[in-house]
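So you know, we letter chains A, B, ... as the sequences are listed, proteins then strands, and number each from 1. Just the heavy atoms: all of them, side chains too, but no hydrogens, waters or symmetry mates, feed the values below.
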Amino acid sequence: MNRRTALKNFALVAGAAALLPACSHPPAELPASVPLRHLGVNARQEKTLAEVCETILPKTDTPGAKDLGVHLYALRMLDDCAGPAEQRAFEAGLGQLDEAARQRHAQPFLGCSPAQRLALLQGIEQGKGFPDDLVSFYKTAKRLTVSGYTGSKYFLTQQIVYELVPSRYNGYFPIKDINLSKPRHGQS
Amino acid sequence: MANLNIDSVKAQTYDAIVIGSGIAGGWAAKELTGKGLKTLVLERGRDVQHLKDYPTTNMMPWEFSHRGAVPADVKEANPVISRCYAFREDAMHFFVKDTEHPYVQEKPFDWIRGYQVGGKSLMWARQTQRWSNFDFEGPARDGFAVDWPIRYKDVAPWYSYVEKFAGISGHADGLAELPDGEFLPAFPLNAVEDYFRQQVKQKFPSRHVISARCAHLSKPNPVHYEQGRAQCQNRVLCQRGCPFGGYFSSNSSTLPWAQKSGLLTLKPNQVVQAILYDEQKQRATGVRVVDTHTKATTEYYARIVFVNAGALNTNLLLLNSTSHRFPQGLGNDSGVLGKYVAFHNYSAHITGEYAGAKDLTTDGRNPAGGGYIPRFRNVFKQETNFLRGYAAGLGAHRGLDHTEHAIGNGFKDSILHPNFGPWTVGSHMMGETIPKETNHVRLDGARKDEWGMPLLNISVAYDDNDAKMKQDYFDQLSEMFTQAGFTNIKTEDSGQAPGLDIHEMGGVRMGRDPKTSLLNEWNQLHACPNVFVTDGACMTSTSTQNPSLTYMALTARAVDYAVKAARGGGVV
């Protein structure tokens, strides 16, 4: 089976999976929804990562990480720009997340409530009593969640506006006059 | 030439040939065509036309697949170019990959190259300072290299000439060690850079912090509009190529100007293998080139040849241009060709924080990058345990901070509504290095590249003077930062190899004596006077200034001489 056929077949299965009840999660044997050359992350792990990103930057009255597809950005950056050591640590840590969730909440991460997910990740943020790869995975995921969110079109057009053509420079600009969400006073 | 009939020789004959289209070659093309010479410019890389060939210029940050980062497989395959600060996703296509053009490092040397029309003038850092007599007189006063055959007064009018056309922003600061030029308005120092300027002025009266001088049109003159360029719009995305022509490059300025004369023929994808020397006429007659795609070789002929291939490639070409008369390379009677290569030491940095100016930040972006500290060590007399000194860049910046060690709603709120962090202040060293015979380039035996050129072996290293100077930079800048009330001061030695400064110079140095130098006061080969070298290869010493402005001035000056001499029956 060549790659193209494989992808087509997976797409058919994925289509069927979409018809399953909402509470079920993609089975582990499906590949991630984006092509990955180096990173071993399956569909279920992709969903887990999406929920990790969402727990770090949740939807409120503004979009959350999932709304902006931050987890897909994270996968792309890891697959293309990270070295093998970081990729292996990420895979291992992502695998350990479910184990840590089961120990504390008797559920894999995806089975946990948002409050349980938050508690678990906050625990890892404090960094005590977790395996090194899990801590490393978490730090990488958080870094990429923040850079994916703040580098998104949404953030750079609706929140802190990026100006391609500022046409000015003021080295003595009063902070009280700054409105970061207005294009005339964007990032410097 | 034997199998060519007279007509085809004529078709391949020009008044002048310029090898290379970077910052020096672009100027040679403009000046030669401006004086009525039918000029052929040969560029080894592909064509890059202003506006048309800047594929990333208007891309938003989120439109880059990796938000600017370089993929790991590219880095792994190309470790040298991946160390260059400007080799990022938005400008990768303007840099030579290690894998494409191999060279030999007898000692570690990061050779950063841009093979295309415009060369590195597309992606340069655009800093432009004049030399003073303290620089031109350096070797003679301090007893290294050889005496420059020129002084400031020889170059000053040519600095003015190129500055007016290129457009240089800066203040008239009135400093003997950094002469003023023909300036467009300077980009201002920001609140903390300006604060530091005042502190330094009070506490170190002989040291100065000035607005960095740069090749940006802060306020264009008619001559700039005539080039099709417009005011700099503070994008600071220059390395992508500028849609406004806001900064100077061969592509935006000199080459299109030369094109308008109708006298320019620009041929990309042509590697010059050798300059042809006629033993009877005792002069260069032209060049032999290989087409990078077809691999076919062709000869072109001209009365005047300007070699502007980029400092080390100019060395390579001359070394490879052998004949019965010049078995060691064209013009190399002295044996110094390829020797006395030098560079700038950019391996030292310092950072600090400033707790003041809390109510201020910056708005928009500064294409000059901030401040510049002209050399203050050993300027008027020798006063330290090392020779020469360093200039320093200076920049202050106020970043946005969000909460650390948190996640969830509160963390998100801190990202959407960040606070201004403290001002951070940074400086980098630009140290003069001493040209030495041992720092050299040479042909690497019989190994050749795809285009029939021998590989260049680069053998260039730091020395004890560089180490002492770097320690002094750390000591002095730490003291200046401390005296200014900066805190959290950290010094960093990048440990980078020579070359990453992208200021390699020398190997075909100017001098008064043909026994110890290759070029005379007009950048003419002593032993083959219709060949001129005006790129970085000609530099006798390096001083501390970013060198491009000096290459521009020396090129315009040499063309003026060459054409006058040719018309007046002089020696060319």
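- More than 12 heavy atoms of other residues, nucleotides or ligands shown are found within 6.0 angstrom of CD on B:Glu63.
- In terms of heavy atoms, A:Cys81 sits closest to B:Val70 at SG-O, 4.0 Å.
- The minimum heavy-atom distance between A:Ser167 and B:Gln233, with the atom names listed, is OG-OE1, 2.5 Å.
- Residue B:Lys75 qualifies as open at atom NZ: its count of foreign heavy atoms under 6.0 Å is 12 or below.
- Chosen from A:Gly151, A:Pro174, A:Ser147, the residue pairing most often with chain B at heavy-atom distances under 4.5 Å is A:Gly151.
- The pair B:Asp359-A:Lys176 fails the salt-bridge criterion, with no side-chain N (NZ, NE, NH1 or NH2) lying under 4.0 Å from an Asp/Glu carboxylate O.
- When heavy atoms are compared at a cutoff of 4.5 Å, B:Lys358 approaches chain A solely by way of its backbone atoms N, CA, C and O.
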Kindly list each side-chain donor-acceptor pair under 3.5 angstrom involving residues 127-138 of chain A, sequence neighbours excluded, with atom names and distances?
from, atom 1, to, atom 2, distance (Å)
A:Tyr138, OH, A:Glu125, OE1, 2.4

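- Contacts between A:Thr145 and chain B at a heavy-atom distance below 4.5 Å are absent for every atom of the residue.
- Contacts between A:Glu54 and chain B at a heavy-atom distance below 4.5 Å are absent for every atom of the residue.
- Nearest approach of B:Ile415 to A:Leu57, heavy atoms of both residues: CD1-CD2, 3.9 Å.
- Atom-to-atom distance recorded for A:Tyr169:OH and B:Asn190:CG is 4.0 Å, nearest 0.5 angstrom.
- For the set A:Pro114, A:Gly148, A:Ala65, the count of heavy-atom pairs under 4.5 angstrom toward chain B peaks at A:Gly148.
- The side-chain heavy atoms of B:His402 and A:Thr150, taken from C-beta on, include no pair separated by under 4.5 Å.
- Environment of CD in A:Gln103: crowded, with over 12 heavy atoms of neighbouring residues, nucleotides or ligands closer than 6.0 Å.
- B:Thr362 approaches A:Phe173 most closely through the heavy-atom pair C-CB, 4.1 Å.
- Residue contact with chain A, scored on non-hydrogen atoms closer than 4.5 Å, is absent for B:Phe187.
- At a 4.5 Å heavy-atom cutoff, B:Asp413 makes no contact with chain A through either its backbone or its side chain.
- Heavy-atom distances place the side chain of B:Leu237, and not its backbone, under 4.5 Å from chain A.
- Formation of a donor-acceptor pair under 3.5 Å by the B:Asn234 side chain with backbone atoms of A:Arg168 is found in this model.
- Rounded to the nearest 0.5 Å, atoms CD (A:Glu163) and CE (B:Met60) are 9.0 Å apart.
- The shortest side-chain heavy-atom distance between B:Pro243 and A:Val165 does not fall under the 4.5 Å cut-off.
- Contact of A:Lys142 with chain B is made through the side chain alone, with heavy-atom distances under 4.5 Å.
- For the pair B:Pro61/A:Leu156, a side-chain contact is recorded, criterion being any heavy-atom separation below 4.5 Å from C-beta on.
- In this structure, the side chain of B:Arg365 does not engage the main chain of A:Pro166 through any donor-acceptor pair within 3.5 Å.
- For a residue to count as touching a neighbouring chain, one of its non-hydrogen atoms must lie under 4.5 Å from one of that chain's; by this rule B:Ala396 does not touch chain A.
- Between the OH atom of A:Tyr149 and the NZ atom of B:Lys412 there is a distance of 4.0 Å, given to the nearest 0.5 Å.
- Among the candidates A:Gln126, A:His38, A:Met77, A:Lys59, the residue making the largest number of heavy-atom pairs closer than 4.5 Å to chain B is A:Met77.
- Contact of the A:Asp177 side chain with the B:Asp363 side chain is not registered, since no non-hydrogen atoms from C-beta on lie closer than 4.5 Å.
- Between the CD1 atom of A:Ile178 and the OG1 atom of B:Thr361 there is a distance of 5.5 Å, given to the nearest 0.5 Å.
- No part of B:Val74 comes within reach of chain A, as not one of its non-hydrogen atoms sits under 4.5 angstrom from that chain.
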